[in-house]
Amino acid sequence: MNQIYNKKTVLITGGSRGIGAATAKEFASHGYNIIINYVENDFQAQNIRQEILSKYDVKVTLVKADVSQEKDIEKMISTIKKEYETIDCLINNAGIAIDTTLEDKTVANFHQILDVNLIGPFLMSKYIGQLMLEQGYGRIVNISSTNGIDSYYPYSMDYDASKAGLISLTHNFAIQYAPHIQVNCVAPGWVNTEMNKELEKEYIAEENKHILLKRFAEPEEIAETIYFAATASYLNDAIIKIDGGRI
Ligand SMILES: NC(=O)c1ccc[n+]([C@@H]2O[C@H](COP(=O)([O-])OP(=O)(O)OC[C@H]3O[C@@H](n4cnc5c(N)ncnc54)[C@H](OP(=O)(O)O)[C@@H]3O)[C@@H](O)[C@H]2O)c1
């Protein structure tokens with residue numbers, strides 16, 4: 001068999017940019033074949049694929065699918081099964097936020113956020129978990145947020161609730177899949193990605209005062225921890241907070 005087909009494989013949702021793209025590069029640097037899921041941004045997905053292929057001797061597959069839609073996930077799984085025999089790691093990273101005042105918050109937007117940030121990881125963990133159980137092993141890492149633990153922002157109360165829910169999901173899937181699949185969670189604080197591109201300089205400076213490292217994280221710094229959470233041998237049902245130290 002070709003060497004590339006003997007490698008381990010990671011599936012990263014929302015891997016076209018930000019933390020997901022950095023995670024794809026991190027895993028590729030450790031020799032993993034990479035499956036990048038995304039929903040819209042073909043251009044950025046192609047770019048990250050090309051970047052990885054130019055640096056590493058791994059396979060990179062792009063799968064466009066909305067993780068909040070069960071039919072999309074079923075299609076994604078059948079595509080993946082044709083190309084890969086096993087999925088070693090699943091990183092539930094895709095996420096959205098819609099920051100507004102309370103007056104502007106709508107039930108439709110709340111549902112949209114829950115569908116992507118919570119139902120998405122539920123569906124992915126259910127379907128990919130089944131494959132992992134059949135192969136007898138697997139690792140799942142959910143990307144939550146300190147907003148789901150102890151950093152609350154009324155402008156993103158819907159997002160914060162989705163991220164708290166993802167922590168609960170982590171515990172339940174860890175129990176459900178033990179001892180075959182290890183399920184962990186990484187909860188970042190502020191990270192320099194497009195998700196935060198509209199924050200004003202003054203707001204960022206104010207937030208930085210509460211961070212011991214006095215800056216937002218770079219996506220690559222979160223990716224290192226995600227890789228650790230996906231590969232550390234005795235880590236299970238853990239919630240790893242990575243926020244530069246927050247006071
Ligand atoms: N940035 C932060 O400060 C921060 C802090 C804590 C936690 N997080 C969490 O970390 C994760 C990544 O955040 P990020 O800042 O890297 O986000 P980002 O730069 O906004 O990228 C979001 C990614 O998710 C994908 N995506 C969005 N909706 C999707 C859907 N329905 N189905 C499949 N993919 C979808 C996007 O694909 P397209 O490119 O196709 O749109 C993109 O790849 C999120 O779960 C976020 O909540 C972020």
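Hydrogens, waters and symmetry mates are skipped; everything else that's a heavy atom, side chains included, is used. Sequence positions, counted from 1, serve as the residue numbers for this chain. Every number for a ligand or one of its atoms is a count from 1 in the order of the listing.
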Return the closest protein heavy atom for [atom] as residue, atom name and distance.
{"atom": "atom 17 (O) of ligand 1", "result": "Met195 CE, 4.0 Å"}
{"atom": "atom 47 (O) of ligand 1", "result": "Tyr159 OH, 2.6 Å"}
{"atom": "atom 32 (N) of ligand 1", "result": "Val67 N, 3.0 Å"}
{"atom": "atom 24 (O) of ligand 1", "result": "Gly14 CA, 3.4 Å"}
{"atom": "atom 36 (C) of ligand 1", "result": "Arg17 NH2, 3.8 Å"}
{"atom": "atom 2 (C) of ligand 1", "result": "Asn196 ND2, 3.5 Å"}
{"atom": "atom 43 (O) of ligand 1", "result": "Ser16 OG, 2.6 Å"}

Please confirm whether [X] comes within less than 3.5 Å of ligand 1 when only nitrogen or oxygen atoms on both sides are compared.
{"X": "Asp66", "result": "yes"}
{"X": "Ile19", "result": "yes"}
{"X": "Val39", "result": "yes"}
{"X": "Pro188", "result": "no"}
{"X": "Ile96", "result": "no"}

Give a yes or no on whether a salt bridge exists between [X] and [Y], defined as a side-chain N under 4.0 angstrom from a carboxylate O.
{"X": "Lys59", "Y": "Glu83", "value": "yes"}
{"X": "Glu207", "Y": "Arg215", "value": "no"}
{"X": "Glu40", "Y": "Arg17", "value": "no"}
{"X": "Asp150", "Y": "Arg246", "value": "no"}

Any idea which atoms of ligand 1 are less than 4.0 Å away from a heavy-atom of [X]?
{"X": "Asn93", "result": "10 (O), 11 (C), 12 (C), 44 (C), 45 (O)"}
{"X": "Asn41", "result": "38 (P), 39 (O), 40 (O)"}
{"X": "Ile143", "result": "9 (C), 10 (O), 45 (O)"}
{"X": "Ala65", "result": "32 (N), 33 (C)"}
{"X": "Asn37", "result": "33 (C), 34 (N)"}
{"X": "Trp190", "result": "3 (O)"}

side-chain contact (heavy atoms from CB on, under 4.5 Å) partner of Met76, the single match among Lys71, Met124, Gln69 = Met124
Could you check Asn208, Asn147, Leu199, Thr146 and say which one makes a side-chain contact (heavy atoms from CB on, under 4.5 Å) with Trp190?
-> Leu199
Measure [X] to ligand 1 on non-hydrogen atoms and call it side chain, backbone, both or neither using the 4.0 Å cut-off.
{"X": "Thr193", "result": "side chain"}
{"X": "Pro219", "result": "neither"}
{"X": "Asn192", "result": "neither"}

Out of Ser145, Ala223, Gly189, indicate the one that has the non-hydrogen atom closest to atom 4 (C) of ligand 1.
-> Gly189
Proximal candidate to atom 35 (C) of ligand 1 [heavy atom criterion; set Ala45, Gly95, Gly18, Ala94] | Ala94
For [X] and [Y], which I'm curious about, is there any donor-acceptor pair between the side chains at under 3.5 Å?
{"X": "Tyr84", "Y": "Thr61", "result": "yes"}
{"X": "Asp115", "Y": "Ser68", "result": "no"}
{"X": "Asn92", "Y": "Ser125", "result": "yes"}
{"X": "Thr100", "Y": "Lys105", "result": "yes"}

For ligand 1, is Lys163 a contact, meaning one of its heavy atoms is under 4.0 Å away?
-> yes
May I ask whether Ser144 places a heavy atom under 4.0 Å from ligand 1?
-> yes
Geometric class of the Tyr227/Tyr32 ring pair [parallel <30°, tilted 30-60°, perpendicular >60°] | perpendicular
Could you walk me through whether Tyr137 and Gln182 pass side chain to side chain donor-acceptor pair (under 3.5 Å), step by step?
-> CA-CA 8 Å; Tyr137 67 92; Gln182 286 161 245; over 6 Å; no
Determine the sole option in Thr170, Asn93, Asn117 for which the side-chain hydrogen bond (donor to acceptor under 3.5 Å, both in side chains) test with Asn142 is passed.
-> Thr170
Between the main-chain N or O of Glu218 and the side-chain N or O of Glu221, is there a donor-acceptor pair closer than 3.5 Å?
-> yes
Just by distance, do the side chain of Asp88 and the backbone of Thr9 share a donor-acceptor pair under 3.5 Å?
-> yes
